[in-house]
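Heads up, the thing below is written out as structure tokens.
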2 protein chains.
Amino acid sequence: MAQIQLKEALDSLKDTGVRITPQRHAILEYLINSMTHPTADDIYKALEGKFPNMSVATVYNNLRVFREVGLVKELTYGDSSSRFDFVTTHHYHVICESCDKIVDFHYPGLDEVEQLAAHVTGFKVSHHRMEIYGTCPECTNKGTH
Amino acid sequence: MAQIQLKEALDSLKDTGVRITPQRHAILEYLINSMTHPTADDIYKALEGKFPNMSVATVYNNLRVFREVGLVKELTYGDSSSRFDFVTTHHYHVICESCDKIVDFHYPGLDEVEQLAAHVTGFKVSHHRMEIYGTCPECTNKGTH
DNA sequence: TCTTATATTGTAATATTTATAATTAGTTTA
DNA sequence: TAAACTAATTATAAATATTACAATATAAGA
């Protein structure tokens, strides 16, 4: 499964004329296998062993490339640095305000909202983002003990 | 209208035991009257004339206080600094990807989505955020000329 | 008015992200 | 396969946003 995703991602890079370097390969692989939603620094640190000379700029550059190609989504919350999510199927994120855990949440989508917004504002709507905030079960339990 | 909002905001500060300083008064007033969604620096610059000695830290401190009290919402997009929005009625934002204009968009809310997310993930859901992205009519027209 | 806790100021520090120039290395074509 | 071309990486510096801290000033209640 992960192998297929990686292969498709690499193909999609090739189609767009983006060169496939070992660093890009590794970053993509890490993003696909990562169950968390890492920051640029997380990725940098995780690949330090494999690429001792890799620059942090390379991570940022390639995350931007991946985002432009549509392979990766950038998640921005107020407090700290951006997080990055390999784009698979359409899903939203539920975020714990206590421990910052991010859980995927599949939902049919909000096409009607986009359509209404387009109608009301006159915008050509391209996409939307939504996140849901709350407290995860673990933190809820911790709080009551 | 704006006067009433300001008065209510100041009352709400008083109730919470937050001191009302001239700087806080001015920041709130600016946020309420502002049709845009200013950054901390926008606010700082706008009040420079009135408060030549005000520190940028004061702006940040007070925006955090206002957010904690629930008077102000912090909007974080990837690229640059946070933007701040005085909380009035429930509305979403439609953002132009070409000129960064932000337009308010009133919508009944997405309670069902919150409920489903709570059910599926086991979270205690507190709130959500959503933004819609696209191209505003002005930029669309500019593009076709 | 006096007191006290809180807010502001000014500055420095931190953190994140981007810019730049030199070097390195994919990819294409012969 | 080798050469050439272009894009990517590295290393570093800079830009930007935000927070921390200590000293001073001030809002609000007694």
Side-chain angles (χ1 to χ4, degrees), chain A residues 9-30 37-69 71-84 100, chain B residues 9-30 37-69 71-84 100:
Chain A
L10 293 174
D11 285 349
S12 137
L13 284 185
K14 200 177 275 177
D15 291 348
T16 335
V18 175
R19 288 185 185 169
I20 293 158
T21 65
Q23 292 89 337
R24 286 185 175 158
H25 193 285
I27 294 172
L28 272 180
E29 195 172 29
Y30 180 78
H37 303 73
T39 63
D41 198 57
D42 291 337
I43 298 169
Y44 177 64
K45 288 215 172 61
L47 301 180
E48 222 167 22
K50 219 173 183 176
F51 298 89
N53 294 324
M54 185 168 65
S55 167
V56 69
T58 299
V59 177
Y60 277 102
N61 287 340
N62 288 331
L63 288 172
R64 194 192 49 236
V65 169
F66 297 157
R67 190 192 43 186
E68 285 166 359
V69 173
L71 286 175
V72 159
K73 209 162 46 170
E74 182 174 358
L75 317 169
T76 61
Y77 312 121
D79 310 25
S80 60
S81 33
S82 287
R83 297 175 163 278
F84 295 88
D100 289 331
Chain B
L10 293 173
D11 285 349
S12 137
L13 285 185
K14 199 176 278 180
D15 291 348
T16 335
V18 174
R19 288 186 185 167
I20 295 158
T21 65
Q23 292 89 339
R24 286 184 176 160
H25 193 284
I27 293 172
L28 273 180
E29 195 172 27
Y30 180 76
H37 302 73
T39 64
D41 197 57
D42 290 337
I43 299 169
Y44 177 65
K45 287 214 172 64
L47 301 180
E48 222 168 20
K50 220 173 180 176
F51 298 90
N53 294 325
M54 185 167 66
S55 167
V56 69
T58 298
V59 177
Y60 277 102
N61 287 339
N62 289 330
L63 287 171
R64 194 190 51 234
V65 169
F66 296 157
R67 190 193 43 186
E68 285 166 359
V69 174
L71 285 176
V72 160
K73 209 161 46 170
E74 182 174 357
L75 317 169
T76 61
Y77 313 120
D79 310 23
S80 61
S81 34
S82 288
R83 297 176 164 276
F84 295 88
D100 290 330

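Order of the sequence lines sets the chain letters (A, B, ...), proteins ahead of strands, with each chain counted from 1.
- No hydrogens or angles considered: nothing links the side chains of A/Ser12 and A/Asp15 as a donor-acceptor pair under 3.5 Å.
- Within residues 16-25 of chain A, the residues having any heavy atom closer than 4.0 Å to DNA chain D are, in order of number, A/Arg19, A/Thr21, A/Gln23, A/Arg24.
- Distance NZ (A/Lys45) to C1' (C/dA15): 11 Å, rounded to an integer number of Å.
- Here A/Tyr60 reaches the OP1 or OP2 of C/dT17: one of its side-chain N or O atoms lies under 4.0 Å away.
- For B/Ser81, the side-chain atoms get nearest to D/dT18 when compared with the rest of C/dT8, C/dG10, D/dT18.
- Here the CG-CD distance, from A/Asn53 to A/Glu48, works out to 10.5 Å after rounding to the nearest 0.5 Å.
- Atom CD in B/Glu48 sits about 14 Å away from atom C1' in C/dT9, given to the nearest Å.
- Per the geometry, CD1 belonging to B/Ile27 stands 7 Å off P belonging to C/dT8, to the nearest Å.
- Among B/Val65, B/Asn61, B/Val59, the one residue that satisfies the side-chain contact (heavy atoms from CB on, under 4.5 Å) test with B/Leu63 is B/Val59.
- When rounded to the nearest whole Å, the span between CZ of A/Phe51 and C1' of D/dA11 equals 18 Å.
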Write down the protein N/O and nucleotide N/O pairs, taken from nucleotides 19-24 of chain C, whose separation is under 3.5 Å; answer none if there are no such pairs.
none

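- Atom OH of A/Tyr44 is separated from atom CD1 of A/Ile27 by 11.5 Å, given to the nearest 0.5 angstrom.
- Two end axes, each from the C1' atoms of five base pairs, can be drawn for the helix from C/dT1-D/dA30 to C/dA30-D/dT1; they diverge by 40°, to 10 degrees.
- B/Asp11 places its CG atom 12 Å from the P atom of D/dA28, with the value rounded to the nearest Å.
- A straight line from CG of B/Asn62 to P of D/dT18 spans 15 Å, rounded to a whole angstrom.
- Side-chain contact between A/Arg24 and A/Thr58: absent, with no pair of heavy atoms (C-beta onward) separated by less than 4.5 Å.
- To the nearest 0.5 Å, the span separating NZ on B/Lys73 from OG on B/Ser82 amounts to 13.5 Å.
- For the atom pair CG (B/Asp42) and NE2 (B/His37), the distance works out to 12.0 Å, reported to the nearest 0.5 Å.
- A distance-only check finds no donor-acceptor pair linking the side chain of B/Arg83 to the backbone of B/Glu74 [under 3.5 Å].
- A donor-acceptor pair under 3.5 Å links the side-chain atoms of A/Thr76 to the main chain of B/Thr76, judged by distance alone.
- When each of B/Ile20, B/Leu10, B/Asn62 is tested with B/Leu28 by the rule side-chain contact (heavy atoms from CB on, under 4.5 Å), just one qualifies, namely B/Leu10.
- Remark: C1' of D/dA17 and CD of B/Glu74 are 11 Å apart, rounded to the nearest angstrom.
- For the pair B/Leu63 CG and D/dT19 P, the interatomic distance rounds to 10 Å; values are reported in whole Å.
- Here the CG-OG1 distance, from B/Leu71 to B/Thr16, works out to 7.5 Å after rounding to the nearest 0.5 Å.
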